[in-house]
Number of protein chains: 2
Amino acid sequence: MMTAHDDLKIEQMPQTLREIVLGRMRGAILSGRFASGERLVERTLCDQLGVSRSVVREVIRILEAEGLVETMPNRGPMVATLDWSRARQIYDIRLLLEQSAAAACAESADAATKAKLTEALQAIAAAFTSGQSLTLAEATTAFYRVIFLSAGQDIAWEIVQRLNGRISRLRALTLATSERNVSGLARMTRIHDAILSNDAQAAALAVRDHLTEAASIAERLLKSEEP
Amino acid sequence: MMTAHDDLKIEQMPQTLREIVLGRMRGAILSGRFASGERLVERTLCDQLGVSRSVVREVIRILEAEGLVETMPNRGPMVATLDWSRARQIYDIRLLLEQSAAAACAESADAATKAKLTEALQAIAAAFTSGQSLTLAEATTAFYRVIFLSAGQDIAWEIVQRLNGRISRLRALTLATSERNVSGLARMTRIHDAILSNDAQAAALAVRDHLTEAASIAERLLKSEEP
DNA sequence: TGTTGTCTGATGGTATACCAAAGTCACTTA
DNA sequence: TAAGTGACTTTGGTATACCATCAGACAACA
């Protein structure tokens with residue numbers, strides 16, 4: 001149903017400068033544009049982004065609360081570093097939350113949810129064959145979003161997203177690892193199938209295997225690069 | 001060993017104004033000094049706190065990221081409200097994390113940990129008898145902190161603390177509820193005993209019962225006050 | 001009565017100034 | 001030569017003034 005006034009709608013919704021800068025800086029950290037441990041000098045950022053210190057400082061507070069930035073007294077903010085003991089904890093928490101969400105989703109999934117899930121899986125498959133790791137990460141995120149939101153667990157989803165941000169560098173590497181390509185799609189398919197057959201236990205098991213493997217790959221990568 | 005220069009030591013170690021204001025405002029929200037849904041006008045806060053807008057704005061960004069404050073476009077920040085569907089999710093997540101932490105703690109607890117746990121339990125018992133609900137909340141927090149940190153799960157502890165902040169009003173009411181006083185201490189003691197006998201499964205079960213009861217009390221309170 | 005214009009208050013955004021703390025580095029002195 | 005000293009620079013912390021925009025209230029007017 002398309003009426004005349006729809007054409008007049010303002011597209012550019014009021015996105016504040018702060019949100020733009022937040023997205024820009026978050027992306028810069030997640031993509032590795034700002035290296036792990038790199039200092040974030042306020043005035044330099046102001047120049048690079050073309051905004052005032054007020055905006056930069058508020059954005060840094062948000063990133064700090066998200067765990068992406070750490071601030072040392074009288075030294076200023078720097079990109080948070082990640083050691084294996086922390087990464088392991090994050091994988092453990094993700095395991096708990098994602099198992100629970102997958103089980104809940106499997107129990108309550110209706111036809112619409114299943115359709116969305118299949119669609120998301122196909123996007124992942126496409127990203128696998130095309131080999132674009134950025135697309136793959138987005139498709140994987142979309143897959144899990146369907147699981148969490150259809151299970152009515154939006155707060156858990158927020159937490160998982162935040163945790164994923166903190167291990168984003170690892171996650172990108174893990175997804176790009178070749179061994180993952182072999183079995184990764186198969187494991188995602190297993191999760192998908194379990195939910196489609198409303199088998200909560202199988203879904204939880206599939207998630208467990210998937211995450212356990214991801215964690216072990218991450219461990220090897222992390223320990224190999226900085227021992 | 002007391003030497004002359006010890007007298008010259010500056011007591012007030014570098015706590016930034018921002019941290020002070022953050023603690024003050026967080027406390028004001030958690031204690032109900034700022035009502036749920038109340039608007040937080042920046043310049044009014046500046047007057048009340050005696051600081052500049054820069055500080056207030058940065059603190060609001062932090063509280064926003066913590067989920068204690070919600071900001072509507074062109075309306076400004078307000079204290080976040082809590083409905084049962086969200087509170088239920090928070091109790092579910094706490095259940096997962098606290099069960100896991102209690103089990104891990106039970107498996108790995110050594111003598112020192114057990115001693116600290118017993119000490120924390122005694123503090124809870126003292127708070128129960130004295131009937132001070134603020135002290136009780138702090139003692140309960142300390143009890144769980146021992147569990148999480150001795151299990152090496154400091155990230156999960158961060159998450160639980162943040163979630164507890166969002167349901168703090170409920171939590172205070174729950175702890176103060178009389179039925180809880182009857183069984184509450186018994187349940188905490190059950191958790192304590194399970195960990196001291198290194199029985200992971202019993203610890204997880206005790207936590208589950210404890211939280212399930214807290215959630216059901218919270219549900220009644222929340223649904224009775226705003227249906 | 002309903003529309004319109006105006007006004008006020010609050011926010012978002014920016015720039016700037018000042019101060020304090022910490023690091024740097026050359027210079028002086030024992 | 002080596003240690004200490006003091007000035008300079010960088011950076012973070014805080015305060016304040018200014019402007020644009022938006023929402024809600026309210027009065028004037030047709």
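Residue numbering restarts at 1 for every chain, and letters A, B, ... go by the order of the sequence lines.
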Is the count of non-hydrogen atoms from other residues, nucleotides or ligands lying under 6.0 Å from B/Arg162 atom CZ greater than 12? yes
Looking just at side-chain N and O atoms, do B/Arg171 and B/Thr141 make a donor-acceptor pair shorter than 3.5 Å?
-> yes
Separation of C/dG12 atom P from A/Leu17 atom CG, nearest Å, is 12 Å
Do you see a donor-acceptor pair shorter than 3.5 Å between the side chains of B/Trp157 and B/Gln161?
yes
Heavy atoms of A/Leu211 and A/Tyr91 approach each other most closely as CD2-CD2, 3.9 Å
note: B/Arg39, atom CZ; C/dG9, atom P; distance rounded to Å ~ 13 Å
Please tabulate, one pair per line, each protein N/O and nucleotide N/O from nucleotides 18-21 of chain C that are separated by under 3.5 Å, including the distance.
residue: C/dA21; atom: O3'; partner: A/Asn74; partner atom: ND2; Å: 3.2

Does A/Ser52 make a side-chain donor-acceptor contact with the base of C/dA15, cut-off 3.5 Å? no
In whole angstroms, the gap separating C1' of D/dA15 from CZ of B/Arg18 amounts to 15 Å
Atom CD of A/Glu64 and atom C1' of D/dG13 are separated, to the nearest Å, by 14 Å
Per nearest nucleotide of DNA chain C, the residue lying toward the 5' end, B/Thr44 or B/Ser54, is B/Thr44
B/Asp47 atom CG is separated from C/dA10 atom P, nearest whole Å, by 11 Å
ask   = When we call it a touch if two heavy atoms are under 4.0 Å apart, what does B/Leu40 touch: a base, just sugar-phosphate, or nothing?
value = sugar-phosphate
- Kindly say whether B/Gly37 contributes a backbone atom to a donor-acceptor pair with the side chain of B/Glu70 at under 3.5 angstrom? no
A/Ile62 atom CD1 is separated from C/dG12 atom C1', nearest whole Å, by 13 Å
From the candidates C/dG12, C/dT14, D/dG13, the one with an atom nearest any side-chain atom of A/Arg61 is D/dG13
- Task: For A/Ser168 and A/Arg26, test the side chains for any donor-to-acceptor distance below 3.5 angstrom and give the result as yes or no.
- Result: no
In whole angstroms, the gap separating P of D/dT16 from CD of B/Glu58 amounts to 15 Å
Which of D/dG12, C/dA10, D/dT16 is nearest the side chain of A/Glu42? It is D/dG12
Rounded to whole Å, CG of A/Leu45 lies from P of C/dT14 at a distance of 14 Å
ask   = Side chains of B/Asp110 and B/Thr113: donor-acceptor distance under 3.5 Å anywhere?
value = yes
Check: Looking for any heavy atom pair under 4.0 Å, which part of the strands does A/Arg57 touch: base, sugar-phosphate only, or nothing?
Finding: base
Considering only heavy side-chain atoms of A/Val41, the closest of C/dA10, D/dT11, D/dT14 is D/dT11
